[in-house]
Amino acid sequence: MLDPRLLEERRDEIVESCRARRFSADVDATIALHRRANALRTALNESNRLRNEHQKSGKQKLDPAAREAHTAEGRRLKDEVAAQEEAVRLAEAELETALRGLPNFLHPESPRGDESDFAVLETAGQPRAFDFEPKDHLALASALDLVDFERAASVAGQKFYFLKREAALLELALQRFALDQILPEGFVPIVTPDLARPDVIEALGFSPRGEESQIYSIAGHDLCLIGTAEITLGGMYADSIFSEDELPLKLAGVSHCFRTEAGAHGRESRGLYRVHQFSKVEMFVFCRPEDSEAQHRELLRLEKKIFDALEIPYRVIDIASADLGAPAYRKFDLEAWMPGRGAGGDWGEITSTSNCTDFQARRLKVRFRRTAEGESAGAGKKNELVHTLNGTAISNARAIVALLENHQQRDGSIRIPAALVPYLGTDRIGPR
RNA sequence: GGAGAGGUGGCCGAGCGGUUGAAGGCACCGGUCUUGAAAACCGGCAGGGCGAAAGUCCUCGUGGGUUCAAAUCCCACCCUCUCCGCCA
């Protein structure tokens with residue numbers, strides 16, 4: 001959520017952000033709502049002040065007639081305040097709804113345009129030149145008996161899967177491998193709940209309800225399955241105040257992720273690429289505003305480190321404005337080369353890292369206290385909102401796709417990159 | 001799921017229906033003292049809205065209610081803890 005006080009001051013930027021993200025939102029109407037809510041709030045304050053004064057005067061001894069008059073006036077003031085409170089409540093609710101429709105500011109360097117208008121920041125590794133016809137991960141996994149979509153469909157439905165044999169171990173190995181890559185950087189490893197309350201999900205900027213929702217709801221309970229540990233990790237510190245020396249706080253969340261993939265049919269989504277459930281190690285950072293850009297680069301660096309070690313070619317893209325979503329100020333994705341994707345191979349998203357600045361922190365009420373360095377007085381400093389960032393360390397289903405397709409051998413076996421061998425316990429899967 | 005206890009400021013913890021936005025302690029900040037640090041002592045210090053400021057308003061889990069007046073009384077809900085049951 002944006003700071004309503006910045007609406008007028010930075011109106012043009014917000015309008016530009018809406019346009020660039022293809023958000024239809026009325027910024028000027030929101031400004032008007034903010035003004036109206038403020039005016040009503042100020043009027044209510046004045047009424048409250050009068051009421052407080054009246055109440056104080058009621059503490060003295062009064063003769064019966066005066067007491068009766070006083071009580072009557074007290075009732076009148078009470079009713080007046082109640083009416084104004086209702087008006088304020090409505091106005092503020094309206095403002096909040098409008099505010100929720102506004103996206104974050106846009107990083108000046110984020111490419112403007114649609115999904116396909118991303119900028120390629122760099123490419124690492126070379127797509128492998130095969131001396132045989134490479135298969136896609138589904139063919140490879142079927143031949144090696146690593147997945148079972150058919151039986152999963154009968155158990156849970158389409159787009160669920162059983163991972164079998166080395167694939168099951170690979171899932172666990174990748175998680176621990178990814179954790180070991182980032183823990184030395186100061187991340188606290190955390191296994192989070194896989195469910196969360198709708199209000200937490202909303203506070204992080206996701207929509208738990210509605211036709212288009214990517215979020216599963218639990219029938220009979222006020223709970224949803226999380227789409228990412230970003231939700232639980234962000235919610236973990238909702239309504240808290242850090243001291244400056246606690247920042248940056250870096251969390252490495254391990255969770256399952258669930259997505260309805262509503263409206264995703266027909267897109268390139270064979271096999272494990274787009275599924276309803278996968279597990280993920282997610283990095284989440286709370287930091288000072290002045291540090292968030294550097295932290296964003298740091299998350300990107302760690303993502304690259306992980307896929308470098310997995311010997312998977314990838315490119316880094318700077319996501320274009322219309323593909324950014326509401327909370328992200330800027331977003332970088334890693335796209336791995338997937339030889340089995342499309343006709344002759346294609347890039348496929350494997351990680352994503354976003355700087356959400358204070359957009360999530362505002363609704364979550366995550367703040368920090370500066371330790372008053374240099375300031376003369378030291379007192380009277382306001383607490384500030386932190387910035388939040390998130391980034392994928394490893395997202396399992398897609399990491400497995402990339403591993404199988406990139407490291408397949410002529411005989412149908414899969415070479416395991418050296419860095420992963422200690423975790424998986426073998427340097428090769430198959431042939432069978 | 002059943003029974004009981006409880007949710008107060010960054011943390012711990014007091015709080016007769018009005019004098020309590022809140023005692024006390026810890027932490028933190030400033031100062032005195034000290035070669036320096038510690039200790040001791042003095043002072044400051046909840047969060048948020050509106051406002052240039054003075055100031056003013058709101059907030060004692062959440063939402064209702066009683067009252068001229070609620071952190072204090074009543075109701076509902078949420079959460080935590082203890083015991084019992086069930087269970088990987």
Side-chain angles (χ1 to χ4, degrees), chain A residues 1-9 30-96 99 191 193-203 218 220-224 232 235-247 249 256 286 288 358 361-386:
Chain A
M1 198 160 70
L2 290 176
D3 182 347
R5 288 167 298 194
L6 262 31
L7 251 35
E8 294 194 52
E9 190 182 322
T30 311
I31 290 172
L33 286 172
H34 180 231
R35 284 187 171 172
R36 188 162 66 94
N38 269 359
L40 288 170
R41 171 66 73 176
T42 301
L44 170 64
N45 284 353
E46 180 60 14
S47 298
N48 268 323
R49 191 181 63 75
L50 293 173
R51 189 176 180 220
N52 287 340
E53 280 174 7
H54 177 263
Q55 282 171 202
K56 275 182 191 142
S57 72
K59 289 192 302 190
Q60 59 190 284
K61 280 217 167 69
L62 294 172
D63 62 63
R67 171 58 69 187
E68 195 173 322
H70 182 273
T71 299
E73 175 64 3
R75 286 214 186 88
R76 195 189 66 75
L77 288 169
K78 180 188 176 182
D79 291 343
E80 188 175 295
V81 164
Q84 283 180 310
E85 272 176 352
E86 180 62 11
V88 167
R89 201 185 59 74
L90 284 172
E92 291 184 345
E94 246 180 286
L95 171 62
E96 167 125 2
L99 231 30
V191 174
D194 287 340
L195 287 79
R197 296 176 191 286
D199 54 290
V200 175
I201 290 169
E202 278 184 25
I218 306 294
H221 298 266
D222 197 20
L223 283 170
C224 301
T232 42
M236 191 174 178
Y237 288 95
D239 211 7
S240 54
I241 303 175
F242 293 111
S243 62
E244 191 174 3
D245 58 18
E246 290 177 282
L247 300 177
L249 178 61
H256 294 105
F286 298 96
R288 301 184 303 180
D358 62 8
R362 182 163 293 107
R363 283 188 70 188
L364 288 170
K365 296 189 177 64
V366 186
R367 295 144 294 168
F368 76 104
R369 207 189 322 277
R370 297 223 182 242
T371 54
E373 70 189 45
E375 292 291 321
S376 52
K381 301 203 70 154
K382 302 202 83 170
N383 295 329
E384 294 175 50
L385 293 170
V386 300

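Quick note: numbers below take in every heavy atom, side chains included, and nothing from hydrogens, waters or symmetry partners. Residue numbers begin at 1 in each chain, while the letters A, B, ... track the order of the sequences.
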**Request:** Please work out if A:Arg89 contacts a base, only the sugar-phosphate, or nothing of the nucleic acid, heavy-atom cut-off 4.0 Å.
**Result:** nothing
**Message:** In whole Å, I'd like the distance from the CZ atom of A:Arg363 to the P atom of B:rG48.
**Reply:** 18 Å
**Complete:** Distance col, row A:Asn52:CG vs A:Asn45:CG, nearest 0.5 angstrom, shows 10.5 Å
**Message:** Considering every strand and a 4.0 Å limit on heavy-atom distances, what is the contact class for A:Arg197: base, sugar-phosphate, or nothing?
**Reply:** sugar-phosphate
**Message:** I'd like to know whether the aromatic ring centres of A:Phe368 and A:Phe286 sit less than 6.0 Å apart in this structure.
**Reply:** no
**First of A:Arg49 and A:Glu92 reached from the 5' end of RNA chain B, by closest nucleotide** = A:Glu92
**Prompt:** Could you state the CZ-P distance from A:Arg5 to B:rA52, rounded to the nearest angstrom?
**Reply:** 12 Å
**Request:** Please work out if A:Lys365 contacts a base, only the sugar-phosphate, or nothing of the nucleic acid, heavy-atom cut-off 4.0 Å.
**Result:** nothing
**Prompt:** Nearest of B:rG48, B:rG49, B:rA69 to any side-chain atom of A:Arg41?
**Reply:** B:rG49
**Asked** Mapping A:Asn48 and A:Gly74 onto RNA chain B by nearest heavy atom, which one lands closer to the 5' end?
**Response** A:Asn48
**Prompt:** Given atom CZ of A:Arg369 and atom P of B:rG9, what is their separation to the nearest angstrom?
**Reply:** 13 Å
**Request:** Report yes if at least one side-chain N or O of A:Arg51 is closer than 4.0 Å to OP1 or OP2 of B:rC68; otherwise report no.
**Result:** no
**Asked** Out of B:rG47, B:rC50, B:rC57, which has the shortest distance to the side chain of A:Asn38?
**Response** B:rC50
**Gap between atoms CD and C1', on A:Glu46 and B:rC58 respectively (whole Å)** = 15 Å
**Asked** Where the side chain of A:Asn45 is defined as all heavy atoms beyond and including C-beta, which of B:rA69, B:rG49, B:rG47 is the nearest nucleotide?
**Response** B:rG49
**Complete:** Testing B:rG48, B:rC50, B:rC58 for proximity to the side chain of A:Thr42, the answer is B:rC50
